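Notes follow once the structure below has been shown.
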There are 2 protein chains.
Amino acid sequence: MKSTIPDTGVPIAPPAGNGGDRQEASLHDEILLRLRDYVVEGNIPNGARVPERQLCEMLGISRTPLREALKVLAAEGLIELLPNRGARVRQLSQRDLEELFDVMAGLESLAGRLACEAITDEEITAIEQLHYEMYGHYLHRDMHGYFQVNQRIHESIVAAARNETLKTAYGNFAGRIRRVRYSANFARKRQRWAEAMREHEAILDALRRRAGSELSDIMFQHLRNKRTAAIEHLTEPQGDATASP
Amino acid sequence: MKSTIPDTGVPIAPPAGNGGDRQEASLHDEILLRLRDYVVEGNIPNGARVPERQLCEMLGISRTPLREALKVLAAEGLIELLPNRGARVRQLSQRDLEELFDVMAGLESLAGRLACEAITDEEITAIEQLHYEMYGHYLHRDMHGYFQVNQRIHESIVAAARNETLKTAYGNFAGRIRRVRYSANFARKRQRWAEAMREHEAILDALRRRAGSELSDIMFQHLRNKRTAAIEHLTEPQGDATASP
DNA sequence: TTAGACTATTTTGCATTCATTTTTTGTCAT
DNA sequence: ATGACAAAAAATGAATGCAAAATAGTCTAA
């Protein structure tokens, strides 16, 4: 349909040294960040209404900038805006989660591939450090510490990909998933946990060899397995207390 | 009541690429769609200011809903909002383009992998049809037709991935790139063109065999090569009629 | 003539206001 | 007591108003 785009004749060559203007610190962005964190951190129950008035008071602003922020959050997929019925925290169906995990898998897969092109020995060493640290948590059954370091490892790989666009998108999708507490009974699934450790070793190995294509595969599978474990947890969530509002 | 929007001549796009699954028809969403298309179609020169007032008149609305839409477009990366200095169509540096292409490569790579898990024989047949159609365009040196069909092939693969989240993200990034005219002298690079055809054959082959991991690799490489060709074009734009049609 | 400074106009950011729509509340009849 | 209906209250979507900032424009001085 829109393939017939009238050519405007605007020259394509970029004005070379466009050393991007870095302005920031607008009040509106401040609101956006705070609100996004507020939602991602899970301060609002799943599917609950997000009353504008209340948030306005909480943030000490009028409705206009708040509503702008809400539109953005809706575009990001964190909340949904029902016409005339206000904003609700987006309720993720199981299918939504599966899709999100798969997209994350794709992004991490890409990150691994790109990382192999540009990662330095020092960065690999740093990741190895994290890996051993994580192994320690694993041995001590310290799930919280484990997940924390695990996340840092994945973020390090994304960072090594040298792609800000990817990094941003990754952060966005990660935020969407973060609302969901799925790590809870990971501790009980010792088998999956051990498997994850082995996968991480394979990741490190491929990273050391800069085997991009291979790492890409491994990362995808790793995330796929994570997805399976997470969904399993959700479908049989018998008794444990991480569903913290 | 300002509910009647004067038609400005800007075509209201159908629920385009947006992974539409929700009920909407809010006036604001309408504005968002129109404005997004307006920008993606390249109606505003690169880096040019986008005066609110003017757009308001063009769309026949007040500034409030327009500004909301602008915030969203900024979040999508199509425009940038300079504090107190209004909105500009985002100027993509060469690095930005490289990053975007790589992210697209990652998404298509993922799409290929997922497609292999779920694609039906009928869908493959349809893609084969498109492939032959595209081959015809190739033989006739019909670049426009070629690109059109090429895009439909890629979209078909994304659709076959059965992942609305991926589809939406894909559409988003595709929109960002679409502003850039890079296809122009592709016709002259006969070598690259032929190469692209071969890659597409490899894609089809892997798809038929449902070789997900393999297809993932091929798709990434295919997009990587596309990126190289595109960037090459941008860096050496020595006089050719990119603005001809 | 040009550079600089000062003023006027425009533009932006946010608050406030207004008209609907939705939701709640209150009353009444069955 | 329960359900239905109506009115009140609240919330939402959009327009307008206003102060601050930026841009354009003009005038002066070197």
Side-chain angles (χ1 to χ4, degrees), chain A residues 20-36 38-39 43-45 47-76 78-91, chain B residues 1-8 10 12 15 22-36 38-39 44-45 47-76 78-91:
Chain A
D21 347 37
R22 280 285 173 271
Q23 274 78 10
E24 11 70 47
S26 156
L27 166 61
H28 162 265
D29 293 322
E30 196 61 41
I31 299 296
L32 183 56
L33 288 187
R34 285 178 61 178
L35 202 53
R36 185 187 292 123
Y38 192 73
V39 173
N43 295 83
I44 304 177
R49 279 186 70 146
V50 185
E52 291 183 3
R53 183 75 64 185
Q54 191 175 321
L55 283 178
C56 286
E57 292 170 8
M58 192 181 88
L59 296 169
I61 57 173
S62 82
R63 285 176 55 217
T64 306
L66 178 83
R67 295 184 97 253
E68 290 172 353
L70 287 179
K71 303 283 186 193
V72 173
L73 293 187
E76 289 176 3
L78 270 173
I79 64 178
E80 56 187 351
L81 262 39
L82 306 170
N84 288 319
R85 221 162 296 157
R88 292 179 189 280
V89 172
R90 183 161 170 196
Q91 179 91 281
Chain B
M1 283 164 298
K2 209 58 191 346
S3 50
T4 53
I5 306 171
D7 194 339
T8 59
V10 178
I12 295 183
R22 259 171 285 302
Q23 81 304 350
E24 61 226 68
S26 156
L27 166 61
H28 163 266
D29 292 322
E30 204 59 43
I31 298 295
L32 183 56
L33 287 185
R34 287 176 63 175
L35 202 53
R36 184 181 1 231
Y38 191 74
V39 173
I44 305 177
R49 277 186 67 152
V50 185
E52 291 182 4
R53 188 74 65 186
Q54 191 176 318
L55 283 179
C56 286
E57 291 170 8
M58 191 182 87
L59 296 169
I61 56 172
S62 80
R63 287 175 53 216
T64 306
L66 178 83
R67 297 185 96 253
E68 291 171 352
L70 287 180
K71 302 284 185 192
V72 173
L73 293 187
E76 288 177 4
L78 272 173
I79 65 177
E80 55 186 351
L81 263 37
L82 306 171
N84 289 320
R85 223 165 295 160
R88 291 175 188 281
V89 173
R90 181 158 170 199
Q91 178 91 283

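The model shown is predicted, which means the values in this text are computed figures rather than measured ones. Below, chains carry the letters A, B, ... as their sequence lines are ordered, and counting in each starts from 1.
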Enter the distance from E57(B):CD to S62(B):OG here, rounded to the nearest 0.5 Å. 12.5 Å
Mind calculating the distance between CD (E68(B)) and C1' (dT12(C)) to the nearest angstrom? 16 Å
Rounded at 0.5 Å granularity, tell me how far CG in L70(A) sits from CZ in R63(A). 10.0 Å
Whole angstrom is fine here: how far is it from CD1 in I61(A) over to P in dT16(C)? 12 Å
Take the protein atom CZ of R88(B) and the nucleotide atom P of dT11(C), then report the distance between them rounded to whole Å. 14 Å
Measure the CG-OH distance between L55(A) and Y38(A) for me, rounded to the nearest 0.5 Å. 7.0 Å
L73(B) to R36(B) - nearest heavy-atom pair and separation: CD2-CB, 3.8 Å
Just so I know, are the side chains of L35(B) and L66(B) near enough to count as touching, which here means a heavy-atom distance under 4.5 Å? yes
Rounded to the nearest 0.5 angstrom, the CG-NE2 distance for L81(A) and H28(B) is 8.0 Å
Mind listing the N/O atom pairs, protein and nucleotides 8-12 of chain D, below 3.5 Å?
| unit_1 | atom_1 | unit_2 | atom_2 | d |
| --- | --- | --- | --- | --- |
| dA11(D) | O3' | R49(A) | NH2 | 3.4 |
| dT12(D) | OP1 | R49(A) | NH2 | 3.4 |

Confirm from the modelled atom types if T64(A) and dA15(C) form a donor-acceptor pair under 3.5 Å, side chain to base only. yes
For the pair made of CD1 in I79(B) and C1' in dT12(C), what is the distance, rounded to whole Å? 14 Å
How long is the line joining CD of E30(B) and C1' of dA14(D), in whole Å? 16 Å
Interatomic distance, L66(B) CG vs dT12(C) P [rounded to whole Å]: 10 Å
Got a second to check how far R88(A)'s CZ is from E80(A)'s CD, nearest 0.5 Å? 8.0 Å
Search all heavy atoms of I44(A) against all heavy atoms of R49(A) and return the closest pair with its distance. CG2-O, 4.3 Å
Describe, as an angle rounded to 10 degrees, how the axis at the first end of the helix from dT1(C)-dA30(D) to dT30(C)-dA1(D) is tilted relative to the axis at the last end, five pairs per end. 0°
Taking atom OG1 of T64(A) and atom CD of E68(B), what is their separation to the nearest 0.5 Å? 8.0 Å
Rounded to whole Å, CG of L70(A) lies from C1' of dA14(D) at a distance of 15 Å
